[in-house]
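Residue numbers start from 1 in every chain, and the chains themselves are labelled A, B, ... in the order their sequence lines are given, proteins ahead of strands.
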Amino acid sequence: MKPSLPQGTRDFGPDVVRKRQYILNTIRSVFDLYGYQPLETPALENLDTLLGKYGDEGDKLIFKILNNGLDHPSKKEQARTEFEHVLDGKNSKAVTERALKYDLTIPFARYVAMNYGQLYFPFKRYQIQPVWRADRPQKGRYREFYQCDADVIGSKSLWNEAELAQIYHEVFTKLKLDAYQLSINSRKILSGLAEISGGLHKMTDITITIDKLDKIGLEKVKEDLEYKGLTKGEINVIEHYLNISGSNEEKISELKKLLETSETGSEGIKELEFLKSLVSEHDPSMKMHVDLTLARGLNYYTGIIFEVKAPPEVKIGSIGGGGRYDDLTGLFGVPNVPGVGISFGVDRIYDVLEELNLFPENLITSSKVLFFNLGDEESKIAFQLLQQLRSRGISSELYPETVKMDKQFKYAEKKHIPYVVIIGSREMETGECILKNIETGKQQTMISYDLLEHMMEL
RNA sequence: GUGAUUGUAGCUCAGUUGGUUAGAGCAUCAGAUUGUGGUUCUGAGGGUCGCGGGUUCGAAUCCCGUCAUUCACCCCA
């Protein structure tokens with residue numbers, strides 16, 4: 001048979017894994033530095049845990065797992081009738097009760113709800129794991145991809161938002177992706193806008209529509225809003241809102257006037273101002289721009305929301321996002337636990353770094369030294385030296401077969417091994433070895449005992 | 001879910017209005033070279049042209065279906 005991969009999944013070869021690890025290690029080290037604790041949850045969750053948390057679209061994209069044993073004779077009839085329900089678009093526990101996790105936030109909320117008594121708050125956790133979505137793959141979109149989440153749960157303080165923004169800044173700076181764009185907005189502002197335009201019940205419709213502004217333009221947005229049942233007057237208010245522009249300060253002062261009648265909206269503005277002041281006082285170089293059209297799809301957000309975009313020349317969309325949710329664990333029976341979190345999309349960050357050529361050069365080396373194998377007796381000496389080098393932390397290897405030097409050279413070259421050590425019959429007699437630099441082609445003969453010292457100096 | 005795109009050797013791709021035995025480069029292997037690679041030269045292996053059906057004397061080429069790929073929309077990291 002011809003082997004193939006499931007749609008939207010990938011194998012990662014050695015070089016790719018090194019680059020991915022570079023990203024993952026960078027993120028992990030920053031999480032550790034800021035006092036977050038690691039957590040892992042299963043790939044599988046009960047379908048109930050996930051369903052209804054991501055909106056209707058999200059539900060469709062959850063990978064559901066077929067129950068085992070449906071073909072058992074005693075269950076066959078029941079399975080058949082239950083399948084009928086599934087074909088009608090309903091979910092049946094008799095057919096599928098587990099699913100692959102869709103993100104890291106909901107499983108985390110489930111974990112917190114289950115372990116509420118044992119945890120100390122505020123609880124700061126990070127989580128680096130794959131998630132799965134049954135989306136059609138395309139550029140920057142995969143069916144299996146990694147998320148790196150950091151969340152603080154059990155604290156309402158905006159200091160958390162400031163810290164998370166700082167984490168974004170630190171990670172992307174370390175990755176040399178200085179041109180990243182961090183946008184912020186507040187769900188409270190959006191809900192204030194809904195209050196003064198279409199009414200609070202229209203908030204989802206309004207936010208989904210204005211989120212598309214930069215894609216479809218103002219006219220289409222207005223058409224769309226009209227189609228969704230807003231009056232001319234209400235649309236005018238929204239247009240006014242969308243026309244707010246200028247610096248962050250200008251936007252905020254304009255907003256204040258517009259939303260002064262809305263208590264929630266005003267609160268959102270205050271929070272935004274406070275966050276801005278915390279961040280810019282601490283690190284003026286850090287840019288964070290207020291984007292009033294930013295909405296974010298997941299409907300559990302309630303306060304500040306974040307989104308990170310790649311530099312505009314890379315057309316890949318968002319490489320990270322997050323926000324505050326006031327009652328995520330309420331879904332699992334533990335109400336009133338506020339939280340805020342952010343996420344990094346590693347796979348997209350990889351694509352961006354690749355496209356902009358931002359990976360460091362030195363990620364690809366494997367061993368530092370290859371010992372040639374020119375016979376069993378010769379290799380015994382090589383083996384001793386090899387272990388000496390290894391014991392001093394110099395990664396090295398012996399070519400396992402006695403084959404032509406030509407082949408061994410090519411092996412070293414392909415694996416990017418910078419040095420080879422040649423010990424043949426002549427060297428064996430004199431107790432010497434040849435150390436050759438593959439890149440420069442220069443070589444030197446030395447007493448075998450000196451090899452270690454030599455290598456330590458390089 | 002909707003709309004396009006592409007599918008030929010391990011990889012990247014040629015292949016004329018349908019015409020005999022489907023080609024090239026890279027890679028692999030062997031030799032020139034029994035202790036010095038990355039350059040060069042010679043040779044070799046490797047293909048059910050995605051799969052199934054149809055039109056035709058004849059199909060990689062045209063038609064239908066199907067699967068896979070890539071891209072866009074929706075939505076998202």
* Under 6.0 Å from the CD atom of Gln444(A), do we count more than 12 heavy atoms belonging to anything else shown? -> yes

* Is Asn243(A) atom CG crowded by more than 12 heavy atoms from other residues, nucleotides or ligands, each under 6.0 Å away? -> yes

Does the side chain of [X] get closer than 4.0 angstrom to OP1 or OP2 of [N] through an N or O atom?
| X | N | value |
| --- | --- | --- |
| Lys414(A) | A27(B) | no |
| Gln138(A) | U70(B) | no |
| Lys442(A) | U36(B) | no |
| Gln7(A) | U69(B) | yes |
| Lys212(A) | C75(B) | yes |

If you look at every strand shown and take non-hydrogen atoms under 4.0 Å, does [X] touch a base, only sugar-phosphate, or nothing?
| X | value |
| --- | --- |
| Gly441(A) | base |
| Ile316(A) | nothing |
| Lys60(A) | nothing |
| Gly140(A) | base |
| Ser318(A) | sugar-phosphate |
| Glu413(A) | base |
| Lys315(A) | nothing |
| Tyr142(A) | base |
| Ile349(A) | nothing |
| Ile422(A) | base |
| Gly424(A) | base |
| Glu378(A) | nothing |

* Structure fact -> d(Asp291(A) CG, Asn185(A) CG) to nearest 0.5 Å is 6.5 Å

* Asked: Between Asp103(A) (side chain) and Val131(A) (backbone), is there a donor-acceptor pair under 3.5 Å?
  -> no

* Asked: Judged by atom type as modelled, is there a donor-acceptor pair below 3.5 Å linking the side chain of Ser191(A) to the main-chain atoms of Ile189(A)?
  -> no

Separation of atom [atom1] in [X] from atom [atom2] in [N], rounded to whole Å:
| X | N | atom1 | atom2 | answer |
| --- | --- | --- | --- | --- |
| Lys139(A) | U70(B) | NZ | C1' | 12 Å |
| Tyr54(A) | A77(B) | OH | C1' | 13 Å |
| Asp406(A) | U36(B) | CG | C1' | 9 Å |
| Tyr168(A) | A77(B) | OH | C1' | 9 Å |
| Phe409(A) | G37(B) | CZ | P | 7 Å |
| Glu439(A) | U36(B) | CD | C1' | 17 Å |
| Tyr411(A) | U36(B) | OH | C1' | 19 Å |
| Leu104(A) | A77(B) | CG | P | 11 Å |

* **Face-on cation placement of Lys287(A) at Tyr180(A) ring, 6.0 Å and 45° thresholds** => yes

If you measure from the [atom1] atom in [N] to the same atom in [M], how many Å do you get, rounded?
| N | M | atom1 | answer |
| --- | --- | --- | --- |
| G52(B) | G15(B) | P | 25 Å |
| U69(B) | C51(B) | C1' | 15 Å |
| U39(B) | G25(B) | P | 16 Å |
| G7(B) | G47(B) | C1' | 14 Å |
| C76(B) | G65(B) | C1' | 33 Å |
| G3(B) | G45(B) | C1' | 44 Å |
| A72(B) | U56(B) | P | 42 Å |
| U66(B) | A9(B) | P | 24 Å |

From C-beta outward on [X], which listed nucleotide comes closest to its side chain: [options]?
| X | options | answer |
| --- | --- | --- |
| Arg133(A) | U36(B), C75(B), A77(B) | A77(B) |
| Arg141(A) | G1(B), C75(B), U36(B) | C75(B) |
| Asp135(A) | C75(B), G37(B), U28(B) | C75(B) |
| Lys215(A) | G35(B), C75(B), A27(B) | C75(B) |

* Mind telling me whether Phe344(A) and Phe172(A) have parallel, tilted or perpendicular rings, with 30° and 60° as the class edges? => tilted

* **Parallel, tilted or perpendicular: ring planes of Tyr399(A) versus Tyr411(A), cut at 30 and 60 degrees** => perpendicular

* Structure fact -> Between Leu5(A) and Ile434(A), the residue closer to the 5' end of RNA chain B by nearest nucleotide is Ile434(A)

* **Nearest-nucleotide comparison on RNA chain B, the residue closer to the 5′ end among Gly8(A) and Ser343(A)** => Gly8(A)

* Asked: Looking at Glu163(A), Arg125(A), Arg28(A), Gln127(A), which hits side-chain hydrogen bond (donor to acceptor under 3.5 Å, both in side chains) with Tyr36(A)?
  -> Glu163(A)

Between the base of [N] and the side chain of [X], is there any donor-acceptor pair under 3.5 Å?
| X | N | result |
| --- | --- | --- |
| Glu427(A) | G35(B) | yes |
| Arg348(A) | C76(B) | yes |
| Gln443(A) | U36(B) | yes |
| Lys436(A) | U36(B) | yes |

* Evaluate whether the aromatic ring of Phe145(A) and the six-membered ring of the A77(B) base sit under 5.5 Å apart, centre to centre, with an inclination under 30°. => yes

* Structure fact -> Across every strand shown, the nucleotide meeting Watson-Crick or G-U wobble geometry with G19(B) (both distances under 3.5 Å) is C57(B)

